[in-house]
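Take a look at the structure set out below.
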Amino acid sequence: MAQHNPWPDEGNTGHIWDEDLRELDNPPPLWWMLSFYAGFIMIVFYSLYYPTIPLTDGTGEFTKGMAEWTQVEEYHDDYAVLKDWRKAKFADKEEKLAALSVDEIIKDDDLRSYAVATSKVLFGDYCAACHGAGGQGNPNFPVLADDDWLWGGKPAQIEASLVNGRIGNMPAKGMMGNLNEQEISDVADYVIALSEGKGDDAAYAAGKAVYTKGMCMACHGPAGKPLAPAGAANLTDQVWRFSSDRAEVINVITNGVNVKKDGQYIAGTKQAVMPSFKERLPNADVNIKRLTVYVHALGGGQ
Ligand code: HEC
Ligand code: HEC
């Protein structure tokens with residue numbers, strides 16, 4: 001900064017850099033000042049019009065400003081618009097879902113993909129807690145994503161599982177409830193051998209005889225594979241409804257599944273109830289079909 005001011009009359013502030021770079025003392029342009037005042041007025045207006053000052057009126061309601069505007073309301077309004085738009089856009093598909101049978105929906109590629117895509121949230125809300133997010137099952141809740149079915153994987157069977165619910169029943173200690181501990185231990189070994197494909201080994205002859213005595217075949221079929229799906233597990237595969245652990249197998253045979261006495265579950269019995277969704281789902285007529293298509297498409301549909 002130089003001390004000497006060679007331009008005393010031009011209204012500079014006396015600040016000079018690099019020999020001739022001066023700071024002048026001109027008023028700002030009019031347009032700039034007008035914008036400045038307009039901005040200030042806008043701030044006042046904005047503060048009054050929109051919810052700016054975070055005061056409550058004591059009831060938990062916040063100041064909403066003169067416009068009574070809230071972000072949440074705007075969100076709800078926009079969401080309603082989006083919903084209406086979606087409804088209009090997919091109205092024909094929803095109508096078709098309502099009108100067609102599950103078999104017909106599955107045959108229509110476009111409609112099937114639509115049903116599957118729109119099922120994910122529903123499945124998450126109503127089914128995943130028990131069956132896992134992708135139908136992969138949870139301890140004591142069956143896998144829906146494989147081809148091992150208790151009640152059948154045909155569309156009509158899956159639909160019936162959803163509409164009416166399902167309750168598997170297996171009596172404790174064989175059909176007549178008369179198997180002793182030794183017999184139960186033998187038949188448990190036989191059942192485990194069945195799942196490993198060794199059911200015909202001589203070592204398991206005793207258990208095989210108990211299988212006949214306990215009338216296990218009435219539900220599990222003559223060789224461990226149910227003749228028709230009616231809730232009983234297939235004992236010849238590696239897929240365990242409960243557990244392959246020997247102690248657990250013994251427990252299932254000893255205390256059965258859903259066995260009640262005087263209206264109460266007996267100790268140790270497996271509780272396995274699939275609730276009915278006829279009344280539970282919103283818009284159940286269409287949504288049960290939708291979910292049936294979804295479960296059928298999870299991988300094991302027949
Ligand atoms: C409260 C837990 C629970 C909920 C919620 C639930 N399920 Fe189930 N589900 C079960 C149980 C337990 C079984 C097995 C019943 C049995 O062992 O007989 C089952 C069985 C089924 C079956 C028959 C499986 C087979 O192998 O044949 C289907 C299909 C099914 N559920 C679909 C669904 C769908 C879809 C939903 C959601 C709308 C749902 N479940 C919600 C507990 C549940
Ligand atoms: C009245 C029909 C019925 C009879 C009789 C019956 N079971 Fe079961 N059993 C079932 C049902 C139903 C299930 C599956 C329950 C479910 O998943 O809800 C089952 C499940 C099992 C399981 C568990 C399988 C797994 O994958 O975890 C074993 C083991 C078993 N039964 C063995 C036997 C043996 C051994 C006998 C004869 C002593 C027998 N059951 C008699 C209906 C029966």
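The basis for the numbers below is simple: all heavy atoms, side chains too, and nothing from hydrogens, waters or symmetry mates. Counting starts at 1 for both ligands and their atoms, following the listed order. Starting from 1, each residue takes its place in the sequence as its number.
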How far is [atom] from its nearest protein heavy atom, and which residue and atom name does that atom have?
atom: atom 22 (C) of ligand 1; answer: Leu144 CD2, 3.9 Å
atom: atom 2 (C) of ligand 1; answer: Cys130 SG, 1.9 Å
atom: atom 37 (C) of ligand 1; answer: Cys127 SG, 1.8 Å
atom: atom 5 (C) of ligand 1; answer: Tyr126 O, 3.3 Å
atom: atom 11 (C) of ligand 2; answer: Ala232 CA, 3.5 Å

Residue [X] vicinity, atoms of ligand 2 by number, heavy atom under 4.0 Å:
X: Ala272; answer: 18 (O)
X: Trp240; answer: 25 (C), 26 (O), 27 (O)
X: Ala233; answer: 13 (C), 14 (C), 24 (C), 26 (O)
X: Met215; answer: 5 (C)
X: Leu150; answer: 17 (O)
X: Leu179; answer: 38 (C)

Could you name the option among [options] that has the heavy atom nearest to [atom]?
atom: atom 28 (C) of ligand 2; options: Asn140, Asp186, Leu235; value: Leu235
atom: atom 39 (C) of ligand 2; options: Gln238, Lys213, His220; value: His220
atom: atom 9 (N) of ligand 2; options: Met170, Met175, Glu183, Met217; value: Met170
atom: atom 17 (O) of ligand 1; options: Met274, Arg166, Arg241, Gln157; value: Arg241
atom: atom 14 (C) of ligand 2; options: Gly207, Cys219, Gly231; value: Gly231
atom: atom 27 (O) of ligand 1; options: Phe123, Phe242, Tyr294, Trp151; value: Trp151

Against ligand 1, does [X] come closer than 4.0 Å with any heavy atom?
X: Gln271; answer: no
X: Pro142; answer: yes
X: Pro275; answer: yes

Item to check | N, O or S from Cys216 under 2.8 Å to atom 8 (Fe) of ligand 2 | outcome: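 So Cys216 does not count as coordinating atom 8 (Fe) of ligand 2.
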Nearest heavy-atom neighbours spanning [X] and [Y]:
X: Gly152; Y: Ile158; answer: O-CG1, 3.9 Å
X: Asp92; Y: Lys89; answer: OD1-O, 3.5 Å
X: Ser195; Y: Trp240; answer: OG-CZ2, 3.5 Å

My understanding is that only one of [options] makes a side-chain contact (heavy atoms from CB on, under 4.5 Å) with [X]; could you say which?
X: Ser119; options: Leu291, Val293, Val295, Asn287; answer: Leu291
X: Lys96; options: Asp110, Asp108, Ile105; answer: Asp108
X: Met274; options: Leu162, Ile167, Asn164; answer: Leu162

Item to check | N or O pair under 3.5 Å between Leu162 and ligand 1 | outcome: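 No; the residue has no nitrogen or oxygen that sits under 3.5 Å from a nitrogen or oxygen of the ligand.
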Next on the checklist: Taking 4.0 Å as the limit for heavy-atom contacts, which would you say applies to Pro171 with ligand 2: side chain only, backbone only, both, or neither?
Outcome noted: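 Side chain only; the backbone of Pro171 stays clear of ligand 2.
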Checklist entry - Once the angle between the rings of Phe277 and Tyr126 is folded into 0 to 90°, is it parallel (under 30°), tilted (30 to 60°) or perpendicular (over 60°)? => result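 Aromatic pair Phe277/Tyr126 classed perpendicular.
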Checklist entry - In terms of ring plane angle, is the pair Tyr75 and Tyr79 parallel, tilted or perpendicular, where the classes change at 30° and 60°? => result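 If you compare the ring of Tyr75 with that of Tyr79, the planes turn out parallel.
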Checklist entry - Leu291 heavy atoms, cut-off 4.0 Å: which ligand 1 atoms fall inside? => result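 Checking each atom against Leu291, I get 38 (C).
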Item to check | For ligand 1, the portion of Val295 having any non-hydrogen atom under 4.0 Å away | outcome: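 Near ligand 1, Val295 shows its side chain, while the N, CA, C and O stay back.
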Next on the checklist: One residue to check: Phe277. Relative to ligand 1, which of side chain, backbone, both or neither has a non-hydrogen atom less than 4.0 Å away?
Outcome noted: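 Near ligand 1, Phe277 shows its side chain, while the N, CA, C and O stay back.
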Checklist entry - Do NZ/NE/NH1/NH2 and the carboxylate oxygens of Asp237 and Lys225 come within less than 4.0 Å? => result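 Result for this pair is no, no salt bridge flagged.
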Checklist entry - To the nearest 0.5 Å, what is the distance between OG1 (Thr292) and CD (Gln157)? => result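 Between atom OG1 of Thr292 and atom CD of Gln157 there are 11.5 Å.
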Next on the checklist: Taking N, O or S atoms only and a limit of 2.8 Å, check whether His131 reaches atom 8 (Fe) of ligand 1.
Outcome noted: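 Checking atom 8 (Fe) of ligand 1 against His131, an N, O or S atom does fall under 2.8 Å.
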Next on the checklist: What verdict does the salt bridge (charged side-chain N to carboxylate O under 4.0 Å, His left out) test give for Lys270 and Glu248, after you've listed the backbone C-alpha separation in whole Å, the side-chain angles of each residue and the deciding distance to 0.1 Å?
Outcome noted: CA-CA 10 Å; Lys270 287 284 172 196; Glu248 263 299 296; 2.8 Å; yes
Item to check | Distance-only side-chain donor-acceptor flag, Asn12 / Glu10, under 3.5 Å | outcome: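 Checked: Asn12/Glu10 side chains pair up, N/O donor to acceptor below 3.5 Å.
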